[in-house]
Number of protein chains: 2
Amino acid sequence: MTGISRAARPRPVPPGSSGLNARDRAYADLRYRILTGRLAPGTTLLETEIAALLGLSRTPVREAVIRLAEEGLVRIRPRHGITVVDLTLADFRDILDVFSALEIRAVALTAARRLTAAQRDALATLTQRMERATAEGDIARWSDLDDDFHAMLVGLCGNARLQRSIGEYWGQQYRGRRLILPHRPLPSASDREHRAILAAVLDGDPQAAHAAHLAHRARADRDQLALLQRVLTPATPEPIEENSHEPHRP
Amino acid sequence: MTGISRAARPRPVPPGSSGLNARDRAYADLRYRILTGRLAPGTTLLETEIAALLGLSRTPVREAVIRLAEEGLVRIRPRHGITVVDLTLADFRDILDVFSALEIRAVALTAARRLTAAQRDALATLTQRMERATAEGDIARWSDLDDDFHAMLVGLCGNARLQRSIGEYWGQQYRGRRLILPHRPLPSASDREHRAILAAVLDGDPQAAHAAHLAHRARADRDQLALLQRVLTPATPEPIEENSHEPHRP
DNA sequence: GTCGCGTGGATGGTATACCATTTCCGCCGG
DNA sequence: CCGGCGGAAATGGTATACCATCCACGCGAC
């Protein structure tokens, strides 16, 4: 394909998304609003309301909403409206289980492939930049780079279906990451594990990559869930700030 | 349960189709036709034609087709119609990669759960019946039981999202199984591996279950792909089924 | 006061109408 | 004879209309 990579696929989706049909625009727009918290969990809207909100008719909105529902971001209750799903700790556990299983496989596949020098460099550079971010205590920056690193590992696996499924869960997992971002400790363990993953991938050793990524995800998921529990459990004594590094205003 | 109460209006409802909404009926119907080969790979239909075929309007058909496309069973090419995807060996490899990764995780989760006596019995019985089928050389029956066994392991994992994703890939994997069914050797290896999986699950040992299922899937996938290669490579495919060709347009 | 039933309205599921885009095909010019 | 161009028809994407269904609410009966 194009020499330049498809660019880090994550990112909730830039606001200026254009050149698509109405269905995809509606999907991208709604997904973006949900992932960035502009559409808060629990928000309930009618098909008509969403259509009006986006300036479209019900048909494309409906198709987009069905897709979001299949992805687990919203729930459709006939005659009750479309509700932004409020994820519980158990939900996050389930999501991470699936997401990790897929990602581990993807990394193993990537390790089994021949990478170009540019790709190898890019991976190595990302880990270095993450370590620098850690050293500087810039967790938000680290988190973005971590997204890029994982996305790149997945993007190189060569299995389009696998990538698609991972992308499907990425959004849900992202919501959890976003919630705990302000509470994250320094990701020294992740940095260390990333080194091991990188080494295995550059070595072209799928077995080692599988093991390394499995270990990484097991620990990272455990930590993330522990943090999520802390964030989610309070009945709401402390309003969780919806602002992080995003522009404000809902 | 549904009985006659629903039939308030004379609707040209497809025969046997239970009382779902039109979208789900269209989805189930099309999926069934594709998986059973009634809609042969390569078949191309227009939205209008499918709608006429199912006796529905385009709207629900469209929604169903979008879902099938996301699932990878059909391909939508605007202004060219909806084509039943003809899976290549590479496709099957990709599909099995994802499917196995998910199923392995599911089995590990199941092993981590407390099962009821009935569930344990059911699993044990299934393996026994499979072994009997093997002894009798009834591969078709064995294959069905194998489906049941795997489905039950997955069904017990307690992660609804994981189950959903597995279900999404099950259909595609099923097409491959169906293709090689007549060429399968006696599944002695599978039976042996199933014993190991069963033991680990009944032991409540997720680690062991993970390892056992990983080994099982790795070997089974390898064998299946080898068979698929044999089935798929000949330019002039053997009469795999009695399925008739679609009438071609003049 | 509470429970049950009926009715009206809201809602979403489905059908249909409309329109922009693309493709196919024939015609004209080179 | 070939290739580009134009237009008509087909097609899918979108908008809208329609209608069965379900829910809420109120009224009446117990």
Side-chain angles (χ1 to χ4, degrees), chain A residues 17-31 39 42-85, chain B residues 1-15 17-31 39 42-85 246-250:
Chain A
S17 63
S18 57
L20 293 167
N21 55 22
R23 164 165 41 110
D24 292 342
R25 257 183 303 146
Y27 171 77
D29 194 336
L30 288 173
R31 187 178 144 105
L39 234 45
T43 309
T44 296
L45 295 168
L46 267 19
E47 284 189 358
T48 324
E49 293 174 320
I50 298 178
L53 181 71
L54 304 183
L56 298 166
S57 83
R58 276 178 52 211
T59 309
V61 167
R62 190 179 156 75
E63 288 167 357
V65 164
I66 289 173
R67 201 165 148 202
L68 288 170
E70 281 169 0
E71 206 170 316
L73 291 176
V74 304
R75 171 133 179 260
I76 302 173
R77 287 186 312 160
R79 321 213 167 251
H80 286 267
I82 291 107
T83 306
V84 179
V85 169
Chain B
M1 186 81 69
T2 49
I4 323 126
S5 57
R6 279 249 170 229
R9 266 293 182 196
R11 266 290 178 86
V13 189
S17 246
S18 46
L20 293 163
N21 58 20
R23 164 165 41 109
D24 291 342
R25 258 183 303 146
Y27 171 77
D29 194 335
L30 288 173
R31 185 178 147 106
L39 234 46
T43 308
T44 296
L45 295 168
L46 268 19
E47 284 189 357
T48 323
E49 293 173 321
I50 298 178
L53 180 71
L54 303 183
L56 298 166
S57 82
R58 278 177 51 213
T59 310
V61 166
R62 193 180 153 75
E63 289 167 358
V65 164
I66 289 173
R67 200 164 149 202
L68 289 171
E70 282 169 1
E71 204 170 318
L73 290 176
V74 303
R75 171 134 180 260
I76 302 172
R77 286 187 314 158
R79 310 197 179 268
H80 285 267
I82 291 106
T83 306
V84 180
V85 168
E246 286 292 320
H248 44 279
R249 342 174 329 192

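Note that these values count all heavy atoms, side chains included, but never hydrogens, waters or copies made by symmetry. Chain naming here is simple, since letters A, B, ... match the order of the sequence lines and numbering starts at 1 in each.
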Could you measure the distance from the CD1 atom of Ile82(B) to the CG atom of Leu68(B)? Nearest 0.5 Å is fine.
9.5 Å
From Ile66(A) atom CD1 to Glu70(B) atom CD, the distance as rounded to the nearest 0.5 Å:
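Spacing of CD1 (Ile66(A)) from CD (Glu70(B)) equals 9.5 Å.
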Calculate the interatomic distance between [X] atom [atom1] and [N] atom [atom2]; express it in whole Å.
X: Glu63(B); N: dG13(C); atom1: CD; atom2: P; answer: 8 Å
X: Arg79(B); N: dT22(C); atom1: CZ; atom2: P; answer: 7 Å
X: Ile66(A); N: dG13(C); atom1: CD1; atom2: C1'; answer: 10 Å
X: Leu54(A); N: dT14(D); atom1: CG; atom2: C1'; answer: 14 Å
X: Leu45(A); N: dG12(C); atom1: CG; atom2: P; answer: 11 Å
X: Glu49(B); N: dG12(D); atom1: CD; atom2: P; answer: 9 Å
X: Glu47(B); N: dT14(C); atom1: CD; atom2: P; answer: 15 Å
X: Arg23(A); N: dA15(D); atom1: CZ; atom2: P; answer: 13 Å

Select one nucleotide: of [options], the one nearest the side-chain heavy atoms of [X].
X: Ser57(B); options: dG12(D), dC23(D), dT16(C); answer: dT16(C)
X: Ala22(B); options: dG12(C), dT23(C), dT14(C); answer: dT14(C)
X: Arg58(A); options: dT22(C), dT16(D), dG13(D); answer: dT16(D)
X: Pro78(A); options: dG13(C), dC24(C), dA15(D); answer: dG13(C)
X: Thr59(B); options: dA10(C), dT16(C), dG13(D); answer: dT16(C)

Among Arg23(B), Arg62(B), Arg67(B), which residue satisfies the salt bridge (charged side-chain N to carboxylate O under 4.0 Å, His left out) criterion with Glu63(A)?
Arg62(B)
Looking at Arg31(B) and Asp24(B), is there a salt bridge between them, counting it only when a charged N and a carboxylate O are closer than 4.0 Å?
no
Nearest heavy atom decides the nucleotide; on that basis, is Arg62(B) or His80(A) closer to the 5' end of DNA chain D?
Arg62(B)
Between Leu46(B) and Pro60(A), name the one whose nearest nucleotide on DNA chain D is closer to the 5' end.
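Taking each residue's closest nucleotide, the earlier one in sequence belongs to Leu46(B).
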Taking atom CZ as the centre, does Arg75(B) end up with more than 12 heavy-atom neighbours from other residues, nucleotides or ligands that are less than 6.0 angstrom away?
no
Rounded to 10°, the angle between the first-five-pair and last-five-pair axes of the helix from dG1(C)-dC30(D) to dG30(C)-dC1(D) is 0°
Here's a test for you: under side-chain contact (heavy atoms from CB on, under 4.5 Å), which of Val84(A), Ile50(A), Leu73(A) qualifies with Leu30(A)?
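Among Val84(A), Ile50(A), Leu73(A), the one that satisfies the side-chain contact (heavy atoms from CB on, under 4.5 Å) with Leu30(A) is Ile50(A).
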